[in-house]
Amino acid sequence: MDSKAQPFVQKTDRGLDSFKRSMRRSVRRGRGKSALGAVLRGVLVSASITVISVAIFALILNWWDASDRAITAINQVVKFVSILAGVVSALNGQTQGGTARGVCVGFLYMALGILCYCLLMGENPSLTSYLADLGMGVASGGLFGMILTSRRSA
């Protein structure tokens, strides 16, 4: 053993090993934090809640003779609840960017709904109907995102 060598020396240099450790640490911290991934997760949550709600509502309609106005109102409530759940999922504890994520979730959710409606029903509603649905999704998603982020940051 060399007399000049110290038995225990702490590494303080900023070499390649330090860089690798910090990169691994930042990757672990950032897992699942991508904005695009969060928005897509929010859209999937919204779509899942809609499918489940519509299936339950269809079963209820077998016993309940509802008017067209009641069905339309319940469908709107299902859309709002689905967008709210999707925005909550997309935010996932974030305190910034809630409005943008909410707008994206609302827009993509409504666009997906319009696409599915056209494919399943084979009908093409008017352009104003499409724009009204997209506007409702954008407005409600943005408002939900804004409210949720302002509540978390306060």
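Hydrogens, waters and symmetry mates play no part in the numbers below; they use all other heavy atoms, side chains included.
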From CA spacing to verdict: side-chain contact (heavy atoms from CB on, under 4.5 Å), V138, M110: CA-CA 8 Å; V138 166; M110 293 307 286; over 6 Å; no

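- A side-chain donor-acceptor contact under 3.5 Å links R101 to the backbone of A90.
- When all heavy atoms of A111 and L134 are compared, the pair lying nearest together is N-CD2, 3.8 Å.
- Summarising the geometry of L91 relative to G145, their closest heavy-atom pair is CD1-O, 4.3 Å, with the distance given to 0.1 Å.
- V77 and I52 fall into different hydrophobic clusters, where Ile, Leu, Val, Met, Phe, Trp and Tyr are joined by side-chain heavy atoms under 4.5 Å apart, directly or via other members.
- Between V105 and F144, every side-chain heavy-atom pair lies at or beyond the 4.5 Å cut-off.
- Between I49 and A85, the closest heavy-atom pair is CD1-CB, 3.2 Å.
- Shown here is D65, whose CG atom has no more than 12 heavy atoms of other residues, nucleotides or ligands within 6.0 Å.
- How far CG of L148 is from CE of M146: 11.0 Å, rounded to the nearest 0.5 Å.
- Linking ILVMFWY side-chain heavy atoms closer than 4.5 Å, directly or via other members, places V39 and L112 in a single hydrophobic cluster.
- Here the closest heavy-atom approach between residue D133 and residue K79 is recorded as OD1-NZ, 3.9 Å.
- One hydrophobic cluster, built from ILVMFWY side chains closer than 4.5 Å, holds both Y109 and F80.
- Taking CG from L119 and CG from L115, the interatomic distance works out to 4.5 Å, rounded to the nearest 0.5 Å.
- Hydrophobic clustering (side-chain heavy atoms under 4.5 Å, transitive across Ile, Leu, Val, Met, Phe, Trp, Tyr) keeps V45 apart from V81.
- Residue-environment remark: CZ (F107) stays at or below the threshold of 12 foreign heavy atoms within 6.0 Å.
- The two atoms that bring G137 and I83 nearest to each other are CA-CD1, 3.9 Å, heavy atoms only.
- Atom OH of Y130 and atom CD1 of I114 lie 7.0 Å apart (nearest 0.5 Å).
- Across all non-hydrogen atoms, the minimal contact from I71 to L61 is CD1-CD1, 4.2 Å.
- One finds the CG atom of L40 at 8.0 Å from the OG atom of S34 (value rounded to the nearest 0.5 Å).
- Applying the 6.0 Å contact sphere to CD of Q76 captures more than 12 heavy atoms from other residues, nucleotides or ligands.
- The hydrophobic cluster containing M121 also includes Y117, under a criterion of side-chain heavy atoms closer than 4.5 Å among ILVMFWY residues, counted directly or through chains of members.
- Panel note: side chain S46, backbone S82; a donor-acceptor pair is recorded below 3.5 Å.
- Note on W64: it clusters hydrophobically with I56, by side-chain heavy-atom contacts below 4.5 Å among ILVMFWY residues.
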